[in-house]
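Just below is one structure, and these are the notes that go with it.
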Amino acid sequence: MGTPKRRLAVLSSHLLPTGPAPCSSSSGVSASFCAQQRLSHSQESGHENDCVFCKIIRGESPAVKLYEYDTCLCILDTNPLSLGHSLIVPKSHFSCLDATPPSVVAAMCAKVPLISNAIMKATDADSFNLLVNNGAAAGQVIFHTHIHIIPRKARDCLWTSESLRRRPLKIDKETSQLADQVREKLSNICECSSKGQESSLS
């Protein structure tokens with residue numbers, strides 16, 4: 001499959017199917033945080049009301065639920081890139097990963113070993129990709145944070161990028177400047193975070 005077709009497949013993997021959705025007692029999800037929260041974490045007014053994942057979490061749209069816990073839900077992707085392609089979705093609405101509180105990200109990631117192990121056993125996969133499309137340029141099409149678990153098998157040729165030759169990192173002035181800039185940004189972020197914590201404690 002060529003690169004444009006692959007990109008289209010990745011982007012459309014989030015869209016709901018046009019045919020009838022599966023319905024069974026195991027595919028229903030209960031209403032939770034999304035049902036009570038409003039627009040505190042969305043980018044646009046009314047975005048949460050139209051969010052596909054929020055509708056699933058509120059029980060207004062169907063989904064095949066694999067696992068549910070207090071902060072997150074794991075569902076099958078409606079247009080999977082491989083058998084068992086699943087999504088871990090927080091029950092609260094956050095538009096992107098950098099808008100998602102660290103505690104929610106930690107809760108999502110904490111269940112990855114458990115969920116991915118079950119998916120790999122069920123699909124006879126021997127590996128999986130853990131993927132976040134964060135922002136439009138990275139292929140995010142549903143602006144509600146989510147993590148992909150994509151089961152893989154040897155020689156499945158899922159990503160065209162896997163056949164690309166990678167170049168070794170050059171340790172030069174440009175690389176040093178980049179590392180310095182990233183460290184500076186991290187230092188500024190850490191300082192702001194610690195000041196915020198100090199003010200909340202006082």
Side-chain angles (χ1 to χ4, degrees), residues 6-18 21 27-81 85-112 115-116 128-150 159 161 181-182 185-186 188-197 199-200:
R6 172 59 63 203
R7 177 157 172 74
L8 181 61
V10 171
L11 292 176
S12 64
S13 71
H14 299 285
L15 303 177
L16 289 173
T18 53
S27 67
V29 296
S30 57
S32 56
F33 301 121
C34 251
Q36 295 129 20
Q37 289 195 339
R38 278 296 158 253
L39 303 171
S40 57
H41 302 291
S42 65
Q43 290 178 322
E44 301 169 11
S45 177
H47 182 77
E48 186 176 323
N49 291 331
D50 297 329
C51 173
V52 172
F53 293 153
C54 289
K55 287 180 178 179
I56 289 170
I57 290 160
R58 291 193 300 260
E60 297 169 6
S61 289
V64 179
K65 179 175 70 174
L66 300 180
Y67 189 80
E68 184 172 9
Y69 51 111
D70 56 350
T71 54
C72 302
L73 179 70
C74 180
I75 58 175
L76 285 176
D77 194 301
T78 55
N79 286 291
L81 291 173
H85 179 171
S86 303
L87 307 172
I88 298 177
V89 182
K91 290 181 178 179
S92 297
H93 183 90
F94 305 101
S95 60
C96 56
L97 190 65
D98 39 321
T100 308
S103 60
V104 176
V105 176
M108 294 168 73
C109 292
K111 296 299 181 181
V112 167
I115 296 168
S116 62
F128 70 94
N129 285 111
L130 189 66
L131 177 69
V132 176
N133 298 327
N134 193 62
Q140 185 178 5
V141 293
I142 295 179
F143 288 88
H144 180 131
T145 299
H146 55 287
I147 298 174
H148 296 257
I149 297 175
I150 305 170
W159 308 120
S161 61
Q181 289 171 354
V182 172
K185 301 293 182 195
L186 285 169
N188 293 341
I189 291 167
C190 290
E191 283 175 23
C192 289
S193 296
S194 62
K195 284 178 186 174
Q197 286 175 352
S199 64
S200 67

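Rounded to the nearest 0.5 angstrom, Leu186 CG and Gln181 CD are separated by 12.0 Å. We find the CD1-CG distance between Ile142 and Asn133 to be 10.5 Å, quoted to the nearest 0.5 Å. The line from SG of Cys74 to NZ of Lys65 is 11.0 Å long, rounded to the nearest 0.5 Å. Rounding to the nearest 0.5 Å gives a distance of 4.0 Å between CD1 of Ile147 and SG of Cys109. A distance of 5.5 Å separates CH2 in Trp159 from CG in Leu131, rounded to the nearest 0.5 Å. Of the inter-residue distances, the one linking Ile56 atom CD1 with Thr78 atom OG1 reads 7.5 Å to the nearest 0.5 angstrom.
For Asp98, the side chain to side chain donor-acceptor pair (under 3.5 Å) criterion is met by Asn134, not counting sequence neighbours. In this structure Ser86 satisfies the side chain to side chain donor-acceptor pair (under 3.5 Å) test with no other residue, sequence neighbours excluded.
Judged by distance alone, with hydrogens and angles left aside, the side-chain atoms of Ser61 form no donor-acceptor pair with the main-chain N or O of Lys55 at under 3.5 Å. Using a distance-only test at 3.5 Å, with no hydrogens or angles considered, a donor-acceptor pair links the side chain of His144 to the main chain of Pro90.
In this structure, Lys91 and Cys72 approach most closely via the heavy-atom pair CE-O, 3.6 Å. Closest non-hydrogen pair, Met108 versus Thr145, comes out as CE-CG2, 4.0 Å.
For Lys111 and Tyr69, the positive end sits near the middle of the six-membered ring, less than 6.0 Å away and at most 45° from its axis.
Using the six-membered ring where Trp is involved, His148 and His85 have ring planes that are tilted, between 30° and 60° apart.
Side chains of Ser103 and Thr71 form no contact here, defined as non-hydrogen atoms less than 4.5 Å apart. In this structure, the side chains of Phe128 and Val112 come closer than 4.5 Å at one or more pairs of heavy atoms. Here the side chains of Leu130 and Ile149 are in contact, with some heavy-atom distance below 4.5 Å. Taking 4.5 Å as the limit, every side-chain heavy atom of Val105 sits out of range of all side-chain heavy atoms of Phe94. Counting heavy atoms from C-beta on, the side chains of Leu73 and Phe53 never come closer than 4.5 Å.
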